[in-house]
Amino acid sequence: MTEHTGRVFIIAEAGVNHGGDLDLAKKMVDAAENAGADAVKFQTFIAEEGISAKAAKAAYQMEATGREGSQLEMVKALELSFSDFLEIQAHCRRRGILFLSTPFDLPSIDFLSGLGMPFWKIPSGEITHLPYLIRIAQTGKPVVMSTGMATMEEVLWAVEVLTANGAGPITLLHCNTEYPTPFADVNLRAMETLRRETGLPVGYSDHTVGVEASVAAVAMGAVIIEKHFTLDKSQAGPDHRASLDPAELKSLVLAVRHVEQALGTGDKSPSASELKNREVARKSLVARKEIRRGTVFTEENIAVKRPGTGISPARWFEVIGREAKRDFKEDELIEL
């Protein structure tokens, strides 16, 4: 991201929820655009480049896909080819939504470099991958980096590597990489720590079930929201359980837009929409009973009642003790 204008940038994370099916990936583009997301993001990788044949599945992956097979076999089945991504990007252009994809290995960085993406999205797992960070930085493009599983020291190290090697402006995403993330582990206040310690803009990559954490993150100043979505939560695959369906994604986008509007300017003054209610809701000084000209105003003969079109009750002690300059009927607005 080159700048942050106050409008939250919403990334609909398709990830690998297409299951390696190009047609399904295109349908996910359609769903993201229909929901109103700013970008739809995929994951580009050559499975053998980034995963050892001896790598075990994560616990959440075993729960979602079973214990059989290796992580490499699972991920290989989710792989799309470079030519597939060319088709996906073209489809994004036709639909009018920004195409993004996260690279998971050096050849994928080199391929995506030629697609003209406006910024890189670095996943949490690559935050300690020095050759990867250097290759990303050397493109000179802006970077959005997730920080799941990382210590503050690791975040600062990665930021330094990116900066020292020519990266463009950097935005950090607070993140927890358990899928789905328990609410007790979300720790949205870490966004404040990231912002304070780095001086960088901060957003949130959300792996919880539902939309509450994302909405709260926006209220706390997140400039980017990234959220996984799927066309069908019942599909086989590691990430569907922590994903929104298309209707939920649309609800998230709407909620984020409402919250960013609700945050306002910070100026404490009546809004144009409420000014029309001020005279109705506020009160004025009125005659509690009939008052004759020359009578002294006292607590016994004046009262505070709606509407607020007369003398403000804030002037109560200014009025008490003065003489009525004319007769007043009960409930009539007091005049001085």
Side-chain angles (χ1 to χ4, degrees), residues 1 9-51 64-65 71-123 125-126 132 135-136 139-144 146 205 224-240 242-250 252-253:
M1 305 289 287
F9 191 85
I10 302 175
I11 301 173
E13 170 69 70
V16 293
N17 281 344
H18 47 72
D21 184 326
L22 176 58
D23 289 336
L24 193 58
K26 291 179 179 178
K27 290 178 181 178
M28 296 190 76
V29 171
D30 299 339
E33 189 277 330
N34 182 61
D38 294 295
V40 57
K41 190 178 79 65
F42 294 87
Q43 297 177 7
T44 302
F45 53 86
I46 300 170
E48 293 87 354
E49 284 285 331
I51 303 174
T65 66
Q71 183 182 155
L72 176 60
E73 291 170 328
M74 177 192 72
V75 173
K76 186 65 179 176
L78 305 174
E79 186 176 300
L80 291 171
S81 69
F82 287 171
S83 61
D84 288 338
F85 284 110
L86 295 175
E87 287 195 44
I88 292 170
Q89 184 186 48
H91 190 64
C92 287
R93 288 199 187 102
R94 287 192 293 270
R95 291 304 304 253
I97 187 170
L98 181 66
F99 165 83
L100 296 173
S101 192
T102 289
F104 281 78
D105 49 67
L106 301 185
S108 294
I109 294 175
D110 295 339
F111 164 70
L112 291 171
S113 291
L115 297 193
M117 295 189 305
F119 62 89
W120 292 107
K121 167 62 205 306
I122 296 176
E126 306 303 322
Y132 177 104
R135 188 75 63 91
I136 288 283
T139 68
K141 286 185 177 182
V143 171
V144 175
S146 283
S205 181
I224 297 174
I225 291 295
E226 178 182 76
K227 183 74 174 179
H228 279 268
F229 78 104
T230 178
L231 299 183
D232 182 358
K233 293 183 184 183
S234 67
Q235 291 182 93
D239 296 337
H240 294 286
S243 301
L244 301 179
D245 64 27
E248 290 170 329
L249 179 62
K250 194 167 189 175
L252 170 65
V253 173

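Here CG of Leu22 is found 7.5 Å from OG of Ser81. Values are rounded to the nearest 0.5 Å. For the atom pair NE2 of His228 and CD1 of Ile11, the computed distance is 11.0 Å after rounding to the nearest 0.5 Å. Remark: Leu24 CG to Thr230 OG1 distance equals 7.5 Å, nearest 0.5 Å. The CD atom of Glu13 sits 11.5 Å away from the CG atom of Leu249 when rounded to the nearest 0.5 Å.
Within the 3.5 Å criterion, the main-chain N or O of Ala47 finds a donor-acceptor partner in the side chain of Glu79.
For the residue pair Arg135 and Ile109, the shortest heavy atom distance occurs at CG-CG2, 3.7 Å. When all heavy atoms are compared, the tightest approach of His240 to Asp232 is ND1-O, 3.6 Å. Minimum interatomic distance between Ala37 and Ala12 (heavy atoms only, all atoms of both residues): CB-CB, 3.8 Å. Between Ala25 and Leu80 the shortest heavy-atom distance is CB-CD1, 4.3 Å. Closest heavy-atom contact between Gly19 and Leu78: CA-CD2, 3.7 Å. In plain terms, the two heavy atoms of Cys92 and Val40 that are nearest each other are SG-CG1, 3.6 Å.
Contact of the Ile88 side chain with the His18 side chain is not registered, since no non-hydrogen atoms from C-beta on lie closer than 4.5 Å. Within the 4.5 Å cutoff, side-chain heavy atoms of Tyr132 are placed close to those of Leu106. The side-chain heavy atoms of Phe229 and Asn17, taken from C-beta on, include no pair separated by under 4.5 Å.
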message: I'd like to know whether Leu115 forms a side-chain contact (heavy atoms from CB on, under 4.5 Å) with Leu86, so could you lay out the CA-CA distance, the side-chain angles of the two residues, the decisive distance to 0.1 Å, and finally the verdict.
response: CA-CA 8 Å; Leu115 297 193; Leu86 295 175; 3.4 Å; yes

message: Show, in sequence, the C-alpha distance, side-chain angles and deciding distance for Glu226 and Ser146, and conclude whether the side-chain contact (heavy atoms from CB on, under 4.5 Å) test is met.
response: CA-CA 10 Å; Glu226 178 182 76; Ser146 283; 4.2 Å; yes

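Residue Lys233 places its NZ atom among more than 12 non-hydrogen atoms of other residues, nucleotides or ligands, all under 6.0 Å distant.
Ring geometry, Phe104 versus Phe45: the interplanar angle exceeds 60°, so the pair is classed perpendicular (tilted spans 30 to 60°).
Qualifying side-chain hydrogen bond (donor to acceptor under 3.5 Å, both in side chains) partners for Asn34, counting only residues two or more places apart in sequence or in other chains: none.
Side-chain N/O atoms of Asp110 and Ser113 include no donor and acceptor closer than 3.5 Å.
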Report all side-chain donor-acceptor pairs from residues 95-103 shorter than 3.5 Å, counting only partners two or more places apart or in another chain.
unit_1, atom_1, unit_2, atom_2, d
Arg95, NH1, Asp30, OD1, 2.8
Arg95, NH2, Glu33, OE1, 2.7
Ser101, OG, Phe42, O, 3.2
Ser101, OG, Gln43, N, 3.4
Ser101, OG, Thr44, N, 3.2
Ser101, OG, Thr44, OG1, 2.5
Thr102, OG1, Lys41, NZ, 2.7
Thr102, OG1, Lys121, O, 3.0

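Lys27 and Asp21 are not joined by a salt bridge, as no carboxylate oxygen comes within less than 4.0 angstrom of a charged side-chain nitrogen. At a threshold of 4.0 Å, the pair Lys76-Glu73 does not count as salt-bridged, since none of the basic side-chain nitrogens sits closer than that to a carboxylate oxygen.
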